[in-house]
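Note sheet for the following structure.
Only this structure's heavy atoms are used, side chains among them; waters, hydrogens and symmetry mates stay out. Since we're looking at a predicted model, the values are computed, not measured. Proteins come first, then strands; the chains are lettered A, B, ... in the order of their sequence lines, and each starts at number 1.
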Protein chains: 4
Amino acid sequence: MTRGPHRSESSRRAILESAGALLLQHGWSGLTVEGIAAHAGVGKQAIYRWWPVKSGIIADALAEGALLPSLHETPDSGDVLADVTAWLVEVAQLLGVPGRSDLIRSLLGAAVENEQVAAALGERLGAAPSAVAGRLSRAIESGELPPDVPVQLMTEALIGAVLLRVLSREPFEAGDARDLAAVMLGQRR
Amino acid sequence: MTRGPHRSESSRRAILESAGALLLQHGWSGLTVEGIAAHAGVGKQAIYRWWPVKSGIIADALAEGALLPSLHETPDSGDVLADVTAWLVEVAQLLGVPGRSDLIRSLLGAAVENEQVAAALGERLGAAPSAVAGRLSRAIESGELPPDVPVQLMTEALIGAVLLRVLSREPFEAGDARDLAAVMLGQRR
Amino acid sequence: MTRGPHRSESSRRAILESAGALLLQHGWSGLTVEGIAAHAGVGKQAIYRWWPVKSGIIADALAEGALLPSLHETPDSGDVLADVTAWLVEVAQLLGVPGRSDLIRSLLGAAVENEQVAAALGERLGAAPSAVAGRLSRAIESGELPPDVPVQLMTEALIGAVLLRVLSREPFEAGDARDLAAVMLGQRR
Amino acid sequence: MTRGPHRSESSRRAILESAGALLLQHGWSGLTVEGIAAHAGVGKQAIYRWWPVKSGIIADALAEGALLPSLHETPDSGDVLADVTAWLVEVAQLLGVPGRSDLIRSLLGAAVENEQVAAALGERLGAAPSAVAGRLSRAIESGELPPDVPVQLMTEALIGAVLLRVLSREPFEAGDARDLAAVMLGQRR
DNA sequence: CGCTAACCGAGACGGTACGTCGGGTCTTGTT
DNA sequence: AACAAGACCCGACGTACCGTCTCGGTTAGCG
C-alpha cells in the first residue's frame, strides 16, 4: 500500500459537482478552475493535481452522470423502428428541459478540446454498446435489418442530427424524433 | 456623409486571414485577439471596432471562404443517390487533408459560442439551399423521393454524422461517405 | 516623441505610496505585489511593467522621500564634533518616532535583496555627499581633521552603529548619538 | 516519561546543514522549508515540529557554527589597537572568502525577521563578551582606555561598518580593517 | 484648400484567470 | 511518539489576454 495521505473522495466529488453546476450556469467558455475551486471549497492545487487539463473534469463529471441523466435502456420489443423511435423521443425530451440544450452545447465546447468528453457525450446519448448502437446490431442478428447496414454510421447520423440542432439553437422535438427514426429505418420494416 | 477615412479593406482582409491562420495553428481556445492583431500588423482597436465578439471574426472568415474551400455545386444528374454520394465523398476528401479535421473541430468550438459560425459552417458543408439540401428538395419535386421525406432532418443527419466523426477524432473516408449515402437514400431509388 | 499612451504618473505615485504604507504595516516579508496593486487601485501588470523586481519599488519610494523624511542639511558651524553630533541626534530622533525603527528594519530587508535600496537607505541617513560624508571631507580640507581620516569608513561606522541597533531591536537615543560622535571625533578638537 | 522515539539527532543535524547549504545557494528569500526538507531527506513536519519559525533554523545553524567559522579568540597583548586590528583583519579575511559576503547578506535578511539571528550574527562577528567587546572592557579596566569610552557603541560601530559594506556589496579589506581600527582607537594609545 | 472628424498603429491601463510554488496543517502507515 | 511522505486549503507569484482608453499620425470630404 502507498503510505501517506490519500486522495480525498469528498474533494473529488465536490469538484465534479461544482464543475457541473458552473458549467450549467456559465457555459464552457465561462468555466474557470478558480471558480470551481471556490465553489467546491477546495484549493486550486487539488484540482490541478488530478486533472492537468480542465476539460478532463468535465469528462469525469459526464462519465459519472453528474451532468446528464441516464437514458432508459433501449427496449427490445422486436420492432427496431419502434425501439429507436422510443429512444430518440427520450433524447428529444431530454433536450426539452430548459437549459439542457445550452448544457449540451457547452459539452460540445469541451468535446472540441478533449476526446474523452466527446466519447463520453456520445455514450451518454446512445452510442454505448448497451444502447441504440447495440439495439441496431441485434436487429441485424435477428434479421430485422439487412446485414450490410453500417451500424456505427447510422448511430452517428442519428446522434449527429440531434447535436447539429443543438448547435444551431433549434429545438429537436418528439416529432423530429419520429420523423428521423422513420426516414432512417422506416422502409426496412 | 461620414467624413474622414473609411474602413480599411486591407486591414479587414489581414485580420480575417490572420484569424484563419492562427485558428489553424492554435485552435479555437488558443486564438487570441492580441495574437490576431500582432499577426495582422493591426491595432487591437481595429478589431474591436468592427467585431465586438471574437467568434464573429471566424464567422466572417468562414463566410468569405478564407477557411474552407468551396465544395463543388451538388450536381443534378437525375440520380439523387449518386449526387448525394458525390457530395459526401467530396466532404470526405475535404476532411482527408491533413489538419482539416482539426480546423473543423476548432470551428465547432467557435460554433458553440456563436450561432452565426454554426450556420456558416453548416452552409459550407452542404446545408445551403444551393447544395445538398436543395438537391433533396428537387428530388422530391421531381418525384424521385416521396414527398414526406424530411429534407432538413436528412441533411442534418448527413452533416451531423460527419461532424461527430470529426469530434471523436476518427476519419471519415470515402467508403463511409458511400455507405452513409446508401443507407439513407439507397432503398428509395 | 514616442507615440501611443504614456506612463501614468498617477498610477506611479499611487504605487509608491501604497508600497510605503504597506511596508510600514506589514514589514518587508509581508509586502506583496498583489497587496500593493489592490491598495493602489492598479493592475498587477502596471507594477511588473515598470518594476520587474519588487524591491525596486522600495528603492524608488525611498529615493523619492515617500518613506523617510529628509534630514536637515548637516550644518557647518566650524565645529565638526558639534555638527556631526547634531546630525546624529537628528537621526536618533528620526528613530524615536514609533514604528520608524520597524520601518527601517524592513528597509534593511529590502536592502539585502537590492543594492539600490541599500544605497538609497545609506544616502537618506547621511552618506550622501551633501550630508555628513561631505561635512567630514570639508573638515579635512579646513584642517579641522587630519588628512588621513578615512571619511567613508567613518561615515559607515556611524551609520552602521545606528543600523545595528535597529537590527537588534534596541533604541538609539540622543545620548547614544552624543557618545558615539564624541568617541569618534572628540579627541581631535 | 514520554514513550516512543525522541527527537532524532541525525534529522536535526541534516536540517541545519541543509539550511546552511541552501541559504548559501539561494539566499534568504530563496530558502524554503520544503527545499530544506527535501535536501535533508526529512518530512516537513519534522521541521515545523521543532522550529515554528523558519528563521529559527538559521538562528540555530548560526549558533552551532554551521554557517560561519569561529573567529580566533581576540588576543590580549596589552595593546588594544593591535588586538582590535588583529580581530578586524580576521573579519576582513572572513569576508574575503568567495560567497561569504553573500552569505552574510542573507543572514542579515534573516536577522531582519528574527532577533535571535541578529544577536547570533553579532556574537559571531565579535560582539560576544569573550571577543572584542570584552577586550575593550578589559582595556578600560587596565587603564589603557579612558573609563568613559562607550564599549557597546564602539563595538557596534566597528561591526556596523563592516555590515554596511556587506550591504552595499563593496569589499571590506585588510587595509580598511587597519584604518578603521586606527581611526577609532589610534589616538588613545 | 485647409479643417476636422473618423480611422489607423501602438500600447498602457484596470482586471480576471492562468498554472505554479510554497506555507503551515493534517493524515496515513511504519519504525 | 516521532518519523517520511505527501495531500490538503490557502495566498501569492509572475504571465497572458481581455476589452477600454489614450496617444500621435494619416487620410478623406465638406466647407
> Nearest-Å distance, CD (C/E113) to P (F/dC13)?
Replying inline: 12 Å
> To the nearest 0.5 Å, what is the distance between CZ (B/R7) and CZ (B/R49)?
Replying inline: 10.0 Å
>> If you define the side chain from C-beta out and look only at heavy atoms, does anything of B/I47 sit under 4.5 Å from B/K44?
In response: no
> When A/L31 is tested against each of A/L23, A/L24, A/I57 for side chain to side chain contact (heavy atoms under 4.5 Å, CB included), which residue passes?
Replying inline: A/L23
>> Could you tell me how far apart B/R13 (CZ) and E/dC8 (P) are, to the nearest whole angstrom?
In response: 16 Å
> Hey, can you pull the residues of residues 17-32 of chain B with a non-hydrogen atom under 4.0 angstrom from DNA chain E?
Replying inline: none
> Do other residues, nucleotides or ligands put more than 12 heavy atoms under 6.0 Å from the CZ atom of D/R13?
Replying inline: no
> D/E34 CD to E/dT20 P: how many Å, rounded?
Replying inline: 15 Å
>> Here's a test of your reading of the structure: between D/V33 and B/S11, which maps to the more 5' nucleotide of DNA chain E?
In response: B/S11
>> Strictly below 4.0 Å: does A/S8 bring a side-chain N or O up to OP1 or OP2 of E/dC26?
In response: no
> Are side-chain heavy atoms of A/L108 and A/L167 found at a separation under 4.5 Å?
Replying inline: yes
> Taking the side chain as C-beta and beyond, is there a heavy-atom pair between A/I58 and A/Q116 under 4.5 Å?
Replying inline: no
> Quick one: C/E9 CD to E/dA12 P, roughly how many Å, whole number?
Replying inline: 16 Å
> For the atom pair CD (C/E113) and OG (C/S55), what is the distance rounded to the nearest 0.5 Å?
Replying inline: 6.0 Å
> Do D/R12's NZ or CZ and the ring of D/W50 fall within the cation-pi criteria of under 6.0 Å and 45°?
Replying inline: no
> Would you say a side-chain N or O of B/H6 is under 4.0 Å from OP1 or OP2 of F/dG29?
Replying inline: yes
> Taking atom OG of C/S168 and atom CG of D/L121, what is their separation to the nearest 0.5 Å?
Replying inline: 11.0 Å
> Hey, can you pull the residues of residues 37-55 of chain A with a non-hydrogen atom under 4.0 angstrom from DNA chain E?
Replying inline: A/K44, A/Q45, A/Y48
> Could you state the CZ-C1' distance from C/R7 to E/dG14, rounded to the nearest angstrom?
Replying inline: 16 Å
